[in-house]
Structure formats: C-alpha cells, structure tokens
Amino acid sequence: MSTSVSCKLNKGVKHQYMDLCPDDQVQLMYIWIDGSGEGLRCKSRTLDSQPKTLEELPEWNFDGSSTYQSEGSNSDMYLIPRAMFRDPFRKDPNKLVLCDVLKYNRKPAETNLRRTCEKVMDMVRDQHPWFGMEQEYTLLGMDGRPFGWPANGFPGAQGPYYCGVGSDKAYGRDIVEAHYRACLYAGVKICGTNAEVMPSQWEYQVGPCEGIAMGDHLWISRFILHRVCEDFGVVASLDPKPMTGNWNGAGCHTNFSTKDMREEGGLKHIEASIERLSKRHKYHIRVYDPKGGLDNVRRLTGHHETSSINDFSAGVANRGASIRIPRPVGQEQKGYFEDRRPAANCDPYAVTEALVRTCLLKEDTEEPVEYK
C-alpha cells in the first residue's frame, strides 16, 4: 500500500522534542477554509500566555494568492478567530483556532460562509435548532486507491463491511480510533463512529450542536482527521463518489430538530418542515456540495442507499429517500428528521443555514433572502 514518505520518519525522535515544555508560551494553530470551499489550511504562531477567551486571540493574515483566494498584487487576507479547541497534537495548553477569512476590504471571502450562517442562526435562536451531522469519508493510499484494496483488483462485494470487524472487513481502524480520541481531547462533540458499507470507508457523527456550533465542530473534526491521516501516511477523501461502479458513495447526512419538534406533538412540525423542503429541492441540491450540485450528481443516483438528485422524497426508516424520519420518531410522534442529500464534502455552514432558511424562516424562493 502506497503511503507518504513523511509517515516513515521516526516518530520516537519527534516525541523527545514534543515532551519539552516551553516556559509560559503557547502554540496556536490557526485554521481556515481555502478558496476551494472544501480544503483546509493552517499555520502556527506563539503567544506568551494561555488564552482563556477568543478576545485574547490576535487577528492574523496570510497570502491569499496561494490559497485560491486573492490575486498576488493584493494578496493579504485577514484571519479572525471564531472558535477555539484544545490541541490534541501538541496537547495542553496549546490550541486549535478556527478562523473567519476576510478580504482586504474586511468583507468575507467568497468561501467564508460562516458569517451569513451565524446571522441566520441568531434570527431563530429562540427555536433552539439542533443539528447532528454524519461525516462519511474514504481512506486512500497515496496512489489514489482505497486503503487496503488489492493493487490490481477489487475486494469482495459490499455486504460484510458495514460495522464489520476483522482484518478482512475493517480497513484502517487504527486511524479511526486515533481520530475519535483526538476529537474527544479537543472538545469536539463527536458522538460515535462506525465502518461503512464500502471497504475502507468510515463514518463518524458530530452533535447534537446548536446553531453555528455545528459548522465549527464539524470543520475542526475534519482538520483533525486530515492531520491524523498525515501521521499515518494516508489520505482521508471526502469525495462523494470516490469509486465508480457498484460501490456506495459518501454523504454527510444531517439530522435536524427544533424545540417544537422535540416536544410532545412535534411530528406535525417535522411534517410541516418536510413539506417546505419538498418545494425547495433544487435550492438545497445547489447548496449541498461545493460545486453547486455537480458532485452530488455522481452520488445521488437513486441507487446505493440514495435518492435521485432530480426527485424529492420522504419516508419513515427509508434510506432511499431524500428525507428520512427515523422509526422511533414516527412511533413517539416527536424528535428529528434526517436530510440524506448533503454530500460528504459539503460546507456544514451552508447546509445548516439552508435548513433554517427553509424550515424556520419559511423561505420559498430559488435564491436565499438577504436580511438586513
């Protein structure tokens, strides 16, 4: 299996340096979304004391011409700290810092979708929107082949791999366990993980998170995943259909509820939201992957536990529907629903914002409403 050269470096040598404890100084890893809308970038700086709040974190800048975000003649862009987590790689007191990206004129960069998401979430704060996102991903070798697959062939057909155990069924569990523990250390609200239907494909779940926190926690969990995979020398791909043919794709199923949905009689509020979603299907498809729906075309075929990208559907316990109502929710008449359309590489800020706009703000236009 092809792995990166860096993973072959002696990690024991590194640890003797990582065990050093600088006097009072703290390393901050600033993290942001690049111009692709799905890639993450990072760089580090030193503070002379441990920050307790976001207000103690300084703004910073970077060269946007090297991240698909600006021209070289006007390349400086601003990093504005928005969320802070413990650093599972350098450990306490060091921090991971998720940032907004602003252009030279202090306006949000095109792929900075956090600003509008936060504004929309503030508008519905009293309804306490909760989200849980199920992030699927595929482990790849440096040669682009799924990790553990035969170099010149294919593993056995899908069937024994979902939640499987054993060397012939679960490929790369060491990475999964390392990522899970690192997220818990960081303070990410990761709540579970499992092997998925295609061999070398895995899923983890983040949530419940309220409002803007959903996007913050999912983006940091992705950064941690890529960083863990770096140590192991493999790649974590969020491509919605990494292997053509009779193999499952990768999604980011999104669970959504409000205070009214979670209380007695909440099913009627769930059904009302689904009705609104049915009338705005095209809008959501455009939002649910970073290429305006082109990535999901490969995945939402109506096969391999997906709905057709062209048709809206809903049902109880139906994994082939656009919207699934879990069976316990149907029985208890309250709870949440699952939107199965978002692609694995979706922007969680865009997905959660779209759900709030349609379900709670009751927008019904092809384009999102601009609020003052």
Side-chain angles (χ1 to χ4, degrees), residues 83 113-135 188-192 205-218 251-288 307 312-342 346-372:
L113 305 184
R114 190 183 189 280
R115 282 289 185 90
T116 56
C117 180
E118 186 171 34
K119 184 176 183 178
V120 166
M121 294 300 170
D122 284 344
M123 294 173 65
V124 297
R125 190 185 305 112
D126 61 335
Q127 300 188 56
H128 300 285
W130 287 5
F131 302 93
M133 299 188 80
E134 304 170 19
Q135 178 68 70
V188 171
K189 289 187 177 181
I190 187 170
C191 58
Q205 303 89 35
V206 175
C209 295
E210 186 165 334
I212 194 68
M214 183 69 253
D216 294 345
H217 282 249
L218 194 69
C252 193
H253 304 152
T254 301
N255 302 287
F256 175 57
S257 70
T258 63
K259 183 175 181 291
D260 287 340
M261 293 179 191
R262 296 187 292 270
E263 293 179 344
E264 292 301 321
L267 185 60
K268 66 181 180 182
H269 297 285
I270 293 173
E271 291 173 339
S273 288
I274 293 173
E275 177 63 21
R276 283 190 281 273
L277 289 167
S278 72
K279 298 174 180 177
R280 218 182 184 204
H281 180 61
K282 290 182 179 179
Y283 164 72
H284 283 264
I285 289 297
R286 289 202 313 272
V287 169
Y288 283 1
S307 58
F312 181 89
S313 57
V316 175
N318 184 357
R319 283 178 164 76
S322 308
I323 304 294
R324 180 180 73 94
I325 299 176
R327 191 171 301 283
V329 173
Q331 293 171 343
E332 296 174 15
Q333 302 285 291
K334 63 179 180 179
Y336 67 97
F337 65 84
E338 175 191 52
D339 192 335
R340 297 180 59 80
R341 296 170 294 176
C346 69
D347 188 319
Y349 297 130
V351 171
T352 55
E353 177 186 330
L355 283 166
V356 166
R357 283 178 176 275
T358 301
C359 298
L360 303 186
L361 298 180
K362 302 179 182 180
E363 294 182 18
D364 57 6
T365 54
E366 284 295 312
E367 299 297 330
V369 176
E370 288 192 23
Y371 300 101
K372 295 182 180 180

Exercise: identify the closest heavy-atom pair between [X] and [Y]:
X      : Y      : value
His217 : Val188 : ND1-CA, 3.6 Å
Ala350 : Val287 : O-CG1, 3.4 Å
Cys252 : Leu218 : SG-CD2, 4.0 Å
Met121 : Ile212 : CG-N, 3.8 Å
Cys346 : Tyr288 : CB-O, 3.4 Å
Thr352 : Met133 : CG2-SD, 4.4 Å

Test: [X] and [Y] ion pair at under 4.0 Å:
X      : Y      : value
Asp126 : Lys259 : no
Arg319 : Glu338 : no
Arg125 : Asp122 : yes

Lys119/Glu370 under salt bridge (Lys or Arg N to Asp or Glu O under 4.0 Å): CA gap, chis, key distance, verdict: CA-CA 11 Å; Lys119 184 176 183 178; Glu370 288 192 23; over 6 Å; no
Test your reading of the model: is there a side-chain donor-acceptor pair from [X] to the backbone of [Y], 3.5 Å cut-off?
X      : Y      : answer
Ser313 : Ser322 : yes
Lys189 : Ala213 : no
Thr365 : Glu363 : no
Arg280 : Ala354 : no
Arg324 : Arg340 : no

I need the [X] [atom1] to [Y] [atom2] distance, nearest 0.5 Å.
X      : Y      : atom1 : atom2 : value
Arg114 : Asp347 : CZ    : CG    : 11.5 Å
Leu267 : Phe337 : CG    : CZ    : 11.5 Å
Glu353 : Thr116 : CD    : OG1   : 3.5 Å
Gln127 : Cys359 : CD    : SG    : 10.5 Å
His128 : Glu210 : NE2   : CD    : 6.0 Å
Gln135 : Gln205 : CD    : CD    : 10.5 Å

Worked check of side chain to side chain contact (heavy atoms under 4.5 Å, CB included) between Thr254 and Leu355: CA-CA 10 Å; Thr254 301; Leu355 283 166; 3.8 Å; yes
Val351/Asp339 under side chain to side chain contact (heavy atoms under 4.5 Å, CB included): CA gap, chis, key distance, verdict: CA-CA 10 Å; Val351 171; Asp339 192 335; 6.0 Å; no
Between His269 and Thr258: side-chain donor-acceptor atoms closer than 3.5 Å: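 No - no donor-acceptor pair under 3.5 Å links their side chains.
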Stepwise side chain to side chain contact (heavy atoms under 4.5 Å, CB included) test for Arg286 and Glu367: CA-CA 10 Å; Arg286 289 202 313 272; Glu367 299 297 330; 3.4 Å; yes
Residue pair Tyr283 / Arg357, side-chain heavy-atom distance below 4.5 Å: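 In short, these two side chains touch, coming nearer than 4.5 Å.
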Side chain to side chain contact (heavy atoms under 4.5 Å, CB included) assessment of Arg276 paired with Asp364: CA-CA 8 Å; Arg276 283 190 281 273; Asp364 57 6; over 6 Å; no
Ring pair (Phe, Tyr, Trp, His ring centres under 6.0 Å) partner of Phe131, the single match among Tyr349, Tyr336, Phe256: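 Of all the options given, the one that passes is Phe256.
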